[in-house]
2 protein chains.
Amino acid sequence: MSSTVQGLPPNYRTVLDVVEEAGPGGHLTAQEIWVRARALQPRIGFATVHRGLIRLHELGAVMKIDVSGEASAVYEPAASPHAHFRCTGCGAISDLEYAVPAQTVRRLAERHGVAIEREAVTFTGRCANCG
Amino acid sequence: MSSTVQGLPPNYRTVLDVVEEAGPGGHLTAQEIWVRARALQPRIGFATVHRGLIRLHELGAVMKIDVSGEASAVYEPAASPHAHFRCTGCGAISDLEYAVPAQTVRRLAERHGVAIEREAVTFTGRCANCG
DNA sequence: ACTGAGGGTGAGAACCGATTTCACTCCGTA
DNA sequence: TACGGAGTGAAATCGGTTCTCACCCTCAGT
């Protein structure tokens with residue numbers, strides 16, 4: 001599954017494995033990834049995990065998501081763009097199937113004279129359990 | 001202009017004045033707000049500014065915006081919802097006229113069984129100057 | 001006026017995630 | 001073997017945010 005990325009240092013590969021293991025809805029923080037990575041590679045340091053995430057993000061293999069109102073960023077495997085929902089009650093983060101239409105993005109970029117490379121859509125509110 | 005909020009402690013009022021002074025495109029960080037507030041009220045402390053922003057956010061008078069990839073949150077007067085654009089080159093933040101259509105939000109909320117209270121849309125890329 | 005309670009306030013410490021530093025290891029090549 | 005560059009772990013550091021705590025100010029009830 002992670003075979004799409006070549007020539008990765010072993011620890012970075014471990015990080016990638018952990019993120020992909022969690023899947024698109026995983027929403028792992030760097031801390032959580034570190035904990036899981038240590039199960040595979042007990043001597044791995046937090047700094048290495050962090051560097052790995054940065055590298056993998058640059059390579060486009062993982063997405064870094066800054067959820068509005070959340071202290072720490074979460075990571076998940078690169079996948080089709082989608083929005084996120086954060087419950088203000090329990091703090092849970094879930095995926096929503098939404099992306100700003102490509103045509104709209106293009107028109108916005110043109111109108112404001114900018115080049116848009118990425119979008120982040122976050123909704124907040126109450127989930128079913130927290131009513 | 002800040003007359004819509006009543007019964008505010010004096011320092012919080014100062015904070016509100018600063019934010020509204022900067023206007024919708026101000027995008028001030030808490031630090032910047034503190035600096036400007038001291039021009040009006042030299043003895044005001046940072047903690048007070050921060051508490052004021054929290055209070056004003058609860059009251060709905062100011063918006064707190066967590067820009068993706070930005071270290072600190074920025075604040076601006078409550079206004080019609082709009083998206084933000086952050087240039088990865090110079091770090092500038094600007095407003096874009098976009099909001100997720102209300103009908104779409106409603107449909108998403110219904111489909112996933114959640115109550116959506118707020119949305120945050122952030123684009124990142126390169127501004128005209130940073131090409 | 002006096003008094004007690006409660007909110008507001010300033011300074012600085014504490015906190016926490018993210019990032020950097022630094023010395024060390026590993027592995028390839030010459 | 002000697003060298004150099006990348007990778008690595010532990011710990012220090014950073015920066016924004018939040019908390020603590022002692023003080024002050026206002027105001028209601030006397």
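Reminder, nothing fancy here: chain letters follow the sequence lines and each chain counts from 1.
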Given atom [atom1] of [X] and atom [atom2] of [N], what is their separation to the nearest angstrom?
X     : N      : atom1 : atom2 : result
A:L53 : C:dG17 : CG    : P     : 15 Å
A:I44 : D:dG9  : CD1   : P     : 6 Å
B:R55 : D:dT17 : CZ    : P     : 19 Å
B:H50 : C:dT9  : NE2   : C1'   : 16 Å
A:E58 : C:dT19 : CD    : P     : 11 Å
B:Q41 : D:dC24 : CD    : P     : 17 Å
A:R43 : D:dA10 : CZ    : P     : 5 Å
A:R13 : D:dG7  : CZ    : C1'   : 15 Å

Counting C-beta onward and ignoring hydrogens, is there a side-chain heavy-atom pair between [X] and [Y] closer than 4.5 Å?
X      : Y      : answer
B:Y75  : B:H27  : no
B:L53  : B:I33  : yes
B:T122 : A:E119 : no

| message | Within the 4.0 Å heavy-atom criterion, would you say B:Y12 contacts the bases, only the backbone, or no part of the nucleic acid? | response |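 Sugar-phosphate, backbone atoms only, no base.
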Nearest-nucleotide 5' precedence on DNA chain C, B:G7 against B:F46: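 In this pair, the answer is B:G7.
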Closest approach to the side chain of [X], judged atom by atom: which nucleotide of [options] is it?
X     : options                : answer
B:A47 : C:dG12, D:dT17, D:dG16 : C:dG12
B:I54 : D:dT18, D:dG7, D:dG16  : D:dT18
B:A73 : C:dG8, D:dT17, C:dG17  : D:dT17
A:R51 : D:dC19, C:dG17, C:dC22 : C:dC22
A:N11 : C:dT19, D:dG9, D:dT18  : D:dG9
A:P9  : D:dG7, C:dT9, C:dT19   : D:dG7

Within residues 23-38 of chain B, residues whose heavy atoms come under 4.0 Å of DNA chain C:
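Those residues: none at all.
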If you round to the nearest 0.5 Å, how far is [atom2] of [Y] from [atom1] of [X]?
X      : Y      : atom1 : atom2 : result
B:Y12  : B:T48  : OH    : OG1   : 6.5 Å
A:T124 : B:R118 : OG1   : CZ    : 5.0 Å
B:L40  : B:E21  : CG    : CD    : 8.5 Å
A:H84  : A:M63  : NE2   : CE    : 6.5 Å

Worksheet item: Is a side-chain donor-acceptor pair under 3.5 Å present for B:H112 with A:D95?
Response: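 No, because no side-chain N or O of A:D95 sits under 3.5 Å from a partner of the opposite role on B:H112.
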Note, DNA chain D 5' to 3' with Watson-Crick or G-U pairs under 3.5 Å encoded as ( ), [ ], | and . gives ||||||||||||||||||||||||||||||
Does NZ or CZ of A:R36 lie under 6.0 Å from the centre of the six-membered ring of A:W34, at an angle within 45° of the ring axis?
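Relative to the ring axis of A:W34, which defines the angle, A:R36 lies outside at least one limit.
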A:R111/B:E97 salt bridge by N-O under 4.0 Å criterion
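The answer is yes: the pair qualifies as a salt bridge.
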